[in-house]
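Report on the structure given below.
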Amino acid sequence: PHLEATDVRVIDEAGAYISAGFTDVFAHFCDPGMEHKETLETGAAAAKAGGYTRVMVVPNTRPELYSKSQVEYVVQKSSRLPVQVKPIGALTRHCEGKELAEMYDMHQSGAVAFSDGLKPVQNSQVMLKALQYVKAFEGVVIQVPDDTQLSRTGLMHEGLASTRLGLPGKPAIAETLLLARDIELLRYTGSRLHVTGISTATSVELIRRAKNDGLNITCSVTPYHLWFTDENLATYDTNLKVNPPLRLLTDRQALREALLDGTIDCVASHHQPHEWDSKVCEFEYAQYGMEGLETCFAAVSTLFADVDPGQLAAWFSYNPAAIFCLGYSSIQKNNQANATLFHTLRSNLPTVASLQSASVNNAFLEKQLKGVIIETFCY
């Protein structure tokens with residue numbers, strides 16, 4: 001009430017909250033090489049609309065982000081964007097899972113973590129060496145748990161729903177088997193591992209035990225794994241064709257409980273935009289993934305309407321920033337403005353017209369949600 005300022009815009013939103021800016025730990029901006037799906041510019045616009053001031057982007061571009069020059073391309077090109085775009089450097093050359101990339105050089109050039117992104121590392125020796133290598137500079141390895149030898153031919157979760165729909169399934173053990181391996185490699189190396197996109201109750205239990213054993217492991221979950229199950233694929237909605245796939249009702253419940261009890265540390269958008277032709281086709285031929293930066297907060301806010309807004313801020317802002325040692329600006333005089341202003345109770349009906357992304361493959365469109373991003377400040 002006693003601020004003295006002139007020529008300023010006043011935001012008067014009763015019941016709103018402000019926190020340090022949101023951080024997303026796993027998104028695909030497709031730039032360079034696949035700009036018909038997304039660019040750094042459209043991805044940044046989508047992130048800002050979703051409340052994010054910082055987005056970590058996966059290295060699965062063309063070419064892949066496996067050298068310092070490719071990391072520097074993202075860093076330099078995004079320097080004038082309305083949000084901070086932080087590249088995740090590839091663990092291996094070309095994300096092929098065979099030969100380690102020059103992670104230290106990429107770290108020096110601005111890579112904030114290391115992963116083969118959408119291509120989980122299958123070779124145990126390569127994963128072991130990667131976990132050992134990043135210890136030299138306290139780096140973090142990110143892995144999506146998926147044994148592709150078991151899941152390669154599947155299109156959705158293997159179960160009753162896949163049988164009824166006549167679609168080949170991806171067994172849950174494909175996820176838990178690779179996760180169990182990575183936990184043992186983490187135990188052996190004493191390194192740091194972040195597991196993202198977990199989808200099964202067994203995965204939750206494995207991570208809970210690993211944390212209880214004192215291992216330096218963290219994990220994140222997507223909004224769509226918290227919302228949907230394999231039963232939602234009855235209409236063959238290709239927007240729900242994701243990897244790891246949507247699982248059972250019991251798995252979804254376990255994920256929700258794990259987020260509340262702290263076993264799951266944060267929410268990751270797994271923003272994976274696709275052009276019209278990649279999704280409007282037969283389910284078998286549709287590409288995996290969902291666009292979701294703009295709707296991620298609203299989807300989670302709707303599910304957890306009774307959760308304290310401070311907890312929402314932890315899932316979207318403070319926890320991911322702490323996991324990857326990114327820091328955040330507290331809201332104080334003379335500090336850099338890096339904040340998200342949000343409302344948890346206002347109605348939100350996302351539409352194609354409201355999206356800032358270059359793609360619209362989003363299963364939350366036209367769903368009545370609660371939770372609105374009022375403003376994103378990133379300077």
Side-chain angles (χ1 to χ4, degrees), residues 23-35 38-40 43-44 54-79 81 84-146 148 178 181-182 184-197 216-218 220 268 270 272 320-321 323-327:
T23 295
D24 187 37
V25 302
F26 201 87
H28 198 357
F29 280 3
C30 309
D31 186 351
M34 294 176 283
E35 289 87 351
E38 193 82 285
T39 65
L40 289 170
R54 186 162 45 201
V55 180
M56 294 166 56
V57 293
V58 296
N60 308 102
T61 50
R62 296 175 183 168
E64 295 83 359
L65 305 181
Y66 70 91
S67 71
K68 63 178 294 184
S69 62
Q70 289 147 353
V71 166
E72 287 168 356
Y73 165 84
V74 175
V75 172
Q76 293 300 322
K77 190 176 179 183
S78 60
S79 60
L81 295 178
Q84 300 172 21
V85 179
K86 301 290 187 180
I88 300 171
L91 274 179
T92 65
R93 291 176 60 84
H94 300 289
C95 296
E96 292 178 339
K98 298 177 180 178
E99 180 184 353
L100 288 185
E102 294 293 339
M103 288 183 277
Y104 182 77
D105 287 347
M106 288 189 285
H107 169 70
Q108 293 292 94
S109 296
V112 293
F114 297 91
S115 171
D116 277 356
L118 306 176
K119 297 181 177 180
V121 176
Q122 304 297 303
N123 187 299
S124 298
Q125 184 180 37
V126 170
M127 188 64 173
L128 172 65
K129 296 300 182 185
L131 287 166
Q132 291 174 327
Y133 192 100
V134 298
K135 290 179 67 178
F137 48 87
E138 297 184 349
V140 183
V141 171
I142 302 176
Q143 177 86 307
V144 176
D146 181 26
T148 57
L178 198 72
R181 181 208 70 174
D182 288 346
E184 291 309 308
L185 292 176
L186 179 67
R187 191 188 309 276
Y188 179 76
T189 59
S191 188
R192 299 174 64 197
L193 176 67
H194 181 81
V195 183
T196 188
N216 202 338
I217 187 171
T218 52
S220 50
H270 279 233
Q272 194 171 345
I323 290 167
F324 296 98
C325 303
L326 298 175

Contacts of Q108 that satisfy side-chain contact (heavy atoms from CB on, under 4.5 Å) - sequence neighbours left out:
Y104
Heavy-atom pair of closest approach, residues V71 and A111:
CG1-N, 3.8 Å
I'd like to check the side-chain contact (heavy atoms from CB on, under 4.5 Å) partners of S67; sequence neighbours left out, ordered by chain and number.
S69, Q70
Student check: side-chain heavy atoms of F29 and V74 closer than 4.5 Å
no
Drop me the distance from L185's CG to L128's CG, to the nearest 0.5 angstrom.
5.5 Å
Nearest atoms (heavy-atom pairs only) where S124 meets R181
OG-CD, 3.1 Å
Can you run down the side-chain hydrogen bond (donor to acceptor under 3.5 Å, both in side chains) pairs that involve residues 131-143, sequence neighbours left out, and say none if there aren't any?
Q143-D182
Between atom NE2 of H270 and atom CG of L118, what is the distance when rounded to the nearest 0.5 Å?
8.5 Å
Please report the interatomic distance OG1(T148) to CD(Q122), rounded to the nearest 0.5 Å.
3.5 Å
Residues two or more places apart in sequence or in another chain: which of them pass side-chain contact (heavy atoms from CB on, under 4.5 Å) with Q84?
R54, K86, N338, C378
CG/D116 to CD/E64 distance, rounded to the nearest 0.5 angstrom?
9.0 Å
How close do T92 and G97 get, counting heavy atoms only, and between which atoms?
OG1-N, 2.8 Å
R187: side chain to side chain donor-acceptor pair (under 3.5 Å) partners, not counting sequence neighbours
E184, D213
Test V112 against L326 for side-chain contact (heavy atoms from CB on, under 4.5 Å), laying out the working first.
CA-CA 8 Å; V112 293; L326 298 175; 3.8 Å; yes
Between CD1 on residue I88 and CG on residue L65, distance to nearest 0.5 Å
9.5 Å
Applying ring-ring contact (aromatic ring centres under 6.0 Å, His included), run through H194 and F324 and close with a yes or a no.
CA-CA 9 Å; H194 181 81; F324 296 98; 5.3 Å; yes
Shortest non-hydrogen separation from S220 to V25 and the atoms involved
OG-CG2, 4.0 Å
What pair of heavy atoms forms the shortest contact from V134 to M103, and how long is it?
CG1-SD, 3.9 Å
Residues in side chain to side chain donor-acceptor pair (under 3.5 Å) with Y73, at least two apart?
D31, K77
Nearest 0.5 angstrom please: Y66 OH to T61 OG1, how far?
10.5 Å
Run the side-chain contact (heavy atoms from CB on, under 4.5 Å) check on K98 and R93 step by step: do they pass?
CA-CA 7 Å; K98 298 177 180 178; R93 291 176 60 84; over 6 Å; no
Measure up the H107 and F137 rings against each other and bin them: parallel (under 30°), tilted (30 to 60°), perpendicular (over 60°).
parallel
For the residue pair N216 and S191, establish whether any side-chain heavy-atom pair is separated by less than 4.5 Å.
no
Measuring only between side-chain heavy atoms, which start at C-beta, is S115 closer than 4.5 Å to V58?
no
Does some side-chain heavy atom of T189 sit less than 4.5 Å from a side-chain heavy atom of M127?
no
Ignoring hydrogens and geometry, is there a side-chain-to-backbone donor-acceptor pair from R192 to I323 under 3.5 Å?
yes
Can you name the closest pair of heavy atoms from S109 and E72 and give their distance?
OG-OE2, 3.0 Å
